[in-house]
S.K.: 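This is the structure I want to talk about, given as structure tokens.
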Amino acid sequence: AQRVTQPEKLLSVFKGAPVELKCNYSYSGSPELFWYVQYSRQRLQLLLRHISRESIKGFTADLNKGETSFHLKKPFAQEEDSAMYYCALSKGTYKYIFGTGTRLKVLA
Amino acid sequence: DTGVSQNPRHKITKRGQNVTFRCDPISEHNRLYWYRQTLGQGPEFLTYFQNEAQLEKSRLLSDRFSAERPKGSFSTLEIQRTEQGDSAMYLCASSLAGGDLNEQFFGPGTRLTVL
């Protein structure tokens, strides 16, 4: 069965420290993977997608098919990065399967 | 605001009542999705439309739930005989089939509380 696992419900780091939000997936085909972010009182918005191999707001994520992972990383956390982060897998070209999310708190 | 909009933003109802939510997608988007999110969980897929055709329904969508998208524009999600377990955030998203890498744009959600 297709599944996305985010093992950490909460991750607290100090400002300037590196951040890694973990995401593992289970999927038999070729996945499309995304990271979505939800800032306080805002809607879900796309942060990154694996196929673009881009860096947004200093975040990067690499798809590791061997480890079935798509971890989100940032070398130096900023207070404005505090938010809820969801990893999502897309089946074909439509619905998403989301993980349970990780709340990132960046402490001053 | 040209993003996805949802109404109402909040709905409180008594168990057994019917409720209807509306979603207006981004105007040129032909795909529309409904998700449900409960506390501590990520959004869970309910159903999706391409234009006016409902192409998939999750097993989460019991017979009490019905969704429509007449004319392929806005969509409604109706829950009949609500139960306390229906309390959740209901999210709508839209995307453009064949568009940029399957990015879905989400609305602000409708929070349903069933008393």
Side-chain angles (χ1 to χ4, degrees), chain A residues 1-10 21-27 29-54 56 61 63 70 72 83-104, chain B residues 1-7 9-10 23-26 29-51 53-61 67 88-111:
Chain A
Q2 293 81 13
R3 185 181 298 121
V4 175
T5 302
Q6 293 181 252
E8 303 137 331
K9 283 196 174 298
L10 173 64
L21 300 170
K22 291 184 167 50
C23 172
N24 288 90
Y25 67 90
S26 170
Y27 183 62
S30 295
E32 289 184 65
L33 285 154
F34 304 81
W35 277 99
Y36 272 75
V37 61
Q38 188 167 27
Y39 301 103
S40 179
R41 300 176 190 238
Q42 294 187 27
R43 62 187 68 189
L44 269 172
Q45 56 186 281
L46 179 67
L47 179 65
L48 280 179
R49 46 202 163 198
H50 88 272
I51 203 165
S52 301
R53 301 186 63 80
E54 56 200 343
I56 303 292
L63 177 61
F70 187 56
L72 183 68
M84 197 73 187
Y85 291 80
Y86 293 96
C87 182
L89 179 153
S90 177
K91 290 183 61 175
T93 57
Y94 54 101
K95 70 183 183 187
Y96 286 167
I97 297 170
F98 283 90
T100 51
T102 298
R103 180 170 298 283
L104 175 65
Chain B
D1 185 2
T2 56
V4 177
S5 62
Q6 293 186 246
N7 288 289
R9 294 291 306 276
H10 304 273
C23 170
D24 287 89
I26 293 172
H29 285 183
N30 49 5
R31 284 191 177 148
L32 186 148
Y33 314 79
W34 285 98
Y35 294 86
R36 181 173 69 186
Q37 186 173 22
T38 53
L39 198 62
Q41 300 297 317
E44 295 173 293
F45 172 79
L46 292 178
T47 188
Y48 106 99
F49 293 82
Q50 179 150 327
N51 301 313
Q54 188 174 19
L55 296 186
E56 184 174 342
K57 296 195 318 184
S58 162
R59 287 173 297 173
L60 293 175
L61 215 64
M89 177 74 86
Y90 289 84
L91 296 169
C92 177
S94 69
S95 72
L96 185 61
D100 188 21
L101 303 171
N102 193 25
E103 178 178 356
Q104 293 184 21
F105 293 80
F106 283 82
T110 295
R111 182 171 295 284

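To find a chain, count down the sequence lines: A is the first, B the second, and so on, and within it residues start at 1.
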S.K.: Rounded to the nearest 0.5 Å, what separation is found between the CG atom of A:L46 and the CZ atom of B:F105?
M.R.: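 The CG atom of A:L46 sits 7.5 Å away from the CZ atom of B:F105.
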S.K.: Specify whether B:Y35 and A:Y96 have parallel, tilted or perpendicular ring planes, treating 30° as the upper limit for parallel and 60° as the lower limit for perpendicular.
M.R.: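 The rings of B:Y35 and A:Y96 sit tilted, inter-plane angle from 30° to 60°.
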S.K.: May I ask you to test the A:F98-B:F45 pair for a side-chain heavy-atom distance under 4.5 Å?
M.R.: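 A side-chain contact is absent here, since even the closest heavy-atom pair is not under 4.5 Å.
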S.K.: Say you draw a straight line from OH of B:Y48 to NZ of A:K95; how long is it, rounded to the nearest 0.5 Å?
M.R.: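 So the OH of B:Y48 and the NZ of A:K95 are separated by 10.0 Å.
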S.K.: Test side-chain contact (heavy atoms from CB on, under 4.5 Å) on B:F106 and A:Q42; report intermediate values, then the result.
M.R.: CA-CA 10 Å; B:F106 283 82; A:Q42 294 187 27; over 6 Å; no
S.K.: Side chain, backbone, both or neither: which part of B:L55 has a heavy atom under 4.5 Å from chain A?
M.R.: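 Neither part.
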S.K.: Around atom CG of A:L10, are there more than 12 heavy atoms of other residues, nucleotides or ligands at under 6.0 Å?
M.R.: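 Counting neighbours around CG of A:L10, more than 12 heavy atoms of other residues, nucleotides or ligands fall under 6.0 Å, so yes.
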S.K.: How many angstroms lie between atom CD of B:Q104 and atom CZ of A:F34, to the nearest 0.5 angstrom?
M.R.: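 Output value for this atom pair is 7.5 Å.
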S.K.: Show the nearest heavy-atom pair for residues A:R43 and B:V4, with the distance to one decimal.
M.R.: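 Result for this residue pair: NH1-O, 2.7 Å.
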S.K.: Sort B:E56 into side chain, backbone, both or neither according to what part of it lies under 4.5 angstrom from a heavy atom of chain A.
M.R.: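 For B:E56, the contact with chain A is made by the side chain alone.
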S.K.: Less than 3.5 Å apart, any donor N or O on the side chain of B:Q37 or A:Y86 sitting next to an acceptor on the other?
M.R.: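 A donor-acceptor contact under 3.5 Å links the two side chains.
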